[in-house]
Chemist: 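Dropping the structure in here first, questions after.
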Amino acid sequence: MRPFPHCPHAPFAELVRIESDPAYRDRHFPGLSAAITQRGHWRSAEVDALVRRLRSPP
């Protein structure tokens with residue numbers, strides 16, 4: 001049996017790069033860029049709704 005070759009990168013390094021580098025994402029994945037931006041808006045809306053619910057009297 002041969003040992004597995006050493007993988008120098010983290011398993012999801014390319015996905016992290018795509019999501020964290022807006023210039024790369026806009027150049028190669030414009031649809032993905034829009035989806036990631038929309039996801040951020042949805043998460044913000046969910047957090048705002050949760051905060052309002054927690055601050056409202058019972």
Chemist: Using 0.5 Å steps for rounding, measure from the CG atom of Leu50 to the CZ atom of Arg55.
Modeler: 10.5 Å
Chemist: When clusters are formed by joining ILVMFWY residues with side-chain heavy atoms under 4.5 Å apart, either directly or through shared neighbours, do Val16 and Tyr24 land in the same one?
Modeler: no
Chemist: To the closest 0.5 Å, what do you measure between NE2 (His41) and CD1 (Ile36)?
Modeler: 12.0 Å
